[in-house]
Amino acid sequence: EVQLVESGGGLVQAGGSLRLSCAASGFSFDDYAIGWFRRAPGKEREGIACISSSDGSTAYIDSVKDRFTISKDNAKNTVYLQMNSLKPEDTAVYYCAAEREVLRLGVKAFRRVLFDYWGQGTQVTVSS
């Protein structure tokens, strides 16, 4: 059974940091790209970062690329999202997702791909 389990969300003040984790199981981790997505209240879900589990290449949207870092630990089948300098507008439910097609297209195409597997999400709330 494919599972993606996010953890590490919580309440933090603006300017603070959080590290989210995405633990994957039930599929060949090295054959997938893992993306982080978020859905803010009243907004559509957006892809914010992606990493290839095979070569470690990464992609970010402009609004997070100087503040967030996506990384992976293949030995643990886990992807992380280090979030620094958090802003109230980062408040959202954060999801990780896995998709093979991204490896063929390149991680920069991740926002155009429909991801197959999703976690349940973790809430991040940034207070002002």
Side-chain angles (χ1 to χ4, degrees):
E1 179 187 5
V2 173
Q3 280 196 316
L4 295 167
V5 180
E6 303 96 336
S7 60
L11 173 65
V12 64
Q13 288 189 329
S17 299
L18 283 174
R19 188 177 82 155
L20 305 183
S21 298
C22 172
S25 62
F27 62 96
S28 180
F29 188 73
D30 291 353
D31 293 338
Y32 283 74
I34 306 295
W36 281 100
F37 297 75
R38 66 185 180 187
R39 188 191 301 272
K43 296 187 177 181
E44 293 188 355
R45 186 178 64 200
E46 66 172 346
I48 59 173
C50 187
I51 187 166
S52 165
S53 295
S54 62
D55 65 9
S57 55
T58 60
Y60 302 89
I61 60 170
D62 287 346
S63 61
V64 307
K65 68 180 179 179
D66 294 327
R67 302 183 294 122
F68 293 6
T69 302
I70 190 169
S71 62
K72 64 183 179 72
D73 184 335
N74 283 50
K76 296 182 178 179
N77 283 8
T78 299
V79 171
Y80 305 98
L81 187 68
Q82 178 67 43
M83 305 187 296
N84 299 328
S85 302
L86 282 162
K87 305 175 181 179
E89 51 264 44
D90 294 317
T91 294
V93 178
Y94 284 70
Y95 303 87
C96 65
E99 173 57 43
R100 296 186 69 166
E101 184 69 3
V102 173
L103 295 189
R104 185 181 69 83
L105 298 174
V107 291
K108 295 188 186 304
F110 82 100
R111 298 183 78 197
R112 302 197 300 269
V113 176
L114 186 63
F115 277 61
D116 276 342
Y117 304 121
W118 291 84
Q120 82 289 349
T122 185
Q123 176 71 47
V124 171
T125 303
V126 184
S127 63
S128 56

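By convention here, the first residue in the shown sequence is residue 1. Computation of the quantities below employed the complete heavy-atom set of this structure, encompassing side-chain atoms and omitting hydrogens, waters and symmetry-equivalent molecules. What you see is a predicted model, and the numbers here were worked out from it, not measured in a lab.
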Quiz item: Mind checking whether Val113 and Tyr60 sit in one hydrophobic cluster, side chains of I, L, V, M, F, W, Y counted as touching below 4.5 Å?
Solution: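 No; Tyr60 is not reachable from Val113 via cluster members.
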Self-check item: Spatial distance of atom CD (Gln3) from atom OH (Tyr117) [nearest 0.5 Å]
Solution: 12.5 Å
Practice problem: Side-chain contact test, heavy atoms from C-beta onward, threshold under 4.5 Å: evaluate it for Arg100 versus Phe27 and give yes or no. | Solution: no
Quiz prompt | Closest approach of Ser85 to Ser17 (non-hydrogen atoms, all atoms of both residues) | solution = N-OG, 4.3 Å
Quiz item: How close do Ser53 and Asn74 get, heavy atom to heavy atom, and via which atoms?
Solution: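 Taking Ser53 first and Asn74 second, the nearest heavy atoms are O-ND2, 3.0 Å.
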Practice problem: Measure from the side-chain N and O atoms of Glu6 to the backbone N and O of Gln120, and report whether any donor-acceptor pair falls under 3.5 Å. | Solution: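 Answer holds: yes.
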Quiz item: Partners of Asp31 by side chain to side chain donor-acceptor pair (under 3.5 Å), sequence neighbours excluded?
Solution: Ser28
Quiz item: Within a strict 4.5 Å, meaning less than it, do heavy atoms of the Ser54 and Leu103 side chains meet?
Solution: yes
Exercise. Mind listing the closest non-hydrogen atom pair of Asp73 and Phe29 along with its distance?
Key: O-CE2, 4.4 Å
Quiz prompt | CZ on Phe37 to CZ on Arg111, rounded to 0.5 Å | solution = 9.0 Å
Quiz item: Closest approach of Ile48 and Val64, non-hydrogen atoms and distance?
Solution: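 Nearest heavy atoms, Ile48 then Val64: O-CG2, 3.6 Å.
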Quiz item: Do Thr58 and Val107 have side-chain heavy atoms sitting under 4.5 Å apart?
Solution: no
Quiz item: Which value, rounded to the nearest 0.5 Å, describes the distance between Leu81 atom CG and Thr122 atom OG1?
Solution: 11.0 Å
Quiz item: Is Val5 reachable from Trp36 through a run of I, L, V, M, F, W or Y residues, each pair having side-chain heavy atoms under 4.5 Å apart?
Solution: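 No, separate clusters.
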Practice problem: Could you state whether Val124 and Val93 fall into the same hydrophobic cluster, counting links through intermediate Ile, Leu, Val, Met, Phe, Trp or Tyr residues with side-chain heavy atoms under 4.5 angstrom apart? | Solution: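 Per the 4.5 Å side-chain linkage, Val124 and Val93 are not co-clustered.
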Quiz prompt | Side-chain heavy-atom pair Asp116, Val2 within 4.5 angstrom cut-off | solution =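 Side chain of Asp116 against side chain of Val2, heavy atoms only: no contact under 4.5 Å found.
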Self-check item: CZ-CD distance between Phe110 and Glu99, expressed to the nearest 0.5 angstrom
Solution: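 Result: 13.0 Å between the selected atoms.
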Exercise. Could you tell me whether Arg39 sits above the aromatic face of Trp118, with NZ or CZ closer than 6.0 angstrom to the six-membered ring centre and within 45 degrees of the axis?
Key: no
Self-check item: Nearest non-hydrogen partners of Ile34 and Cys22, listed with the distance
Solution: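 Between these two residues, the closest heavy atoms are CG2-SG, 4.3 Å.
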Exercise. Any salt bridge (Lys or Arg N to Asp or Glu O under 4.0 Å) involving residues 76-93? Give me the pairs, sequence neighbours left out, ordered by first then second residue.
Key: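 Sorted pair list: Arg38-Asp90, Arg67-Asp90.
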Self-check item: Exercise: identify the closest heavy-atom pair between Thr78 and Ala23
Solution: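 Closest approach of Thr78 to Ala23: OG1-CA, 4.0 Å.
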Quiz item: CD1 of Ile51 to SG of Cys96: how many Å apart, nearest 0.5 Å?
Solution: 12.5 Å
Quiz item: Would a 4.5 Å heavy-atom cut-off, applied to side chains only, mark Leu4 and Tyr95 as touching?
Solution: no
Quiz item: Knowing that exactly one of Leu20, Leu86, Ile61 qualifies, which makes a side-chain contact (heavy atoms from CB on, under 4.5 Å) with Phe68?
Solution: Leu86
Exercise. Flag the pair Thr69 / Tyr80 as yes when at least one side-chain heavy-atom distance between them is below 4.5 Å, and no otherwise.
Key: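 With C-beta onward as the side chain, the pair stays apart.
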Practice problem: Kindly compute the distance separating OG1 (Thr91) from CD (Gln123), expressed to the nearest 0.5 Å. | Solution: 7.0 Å
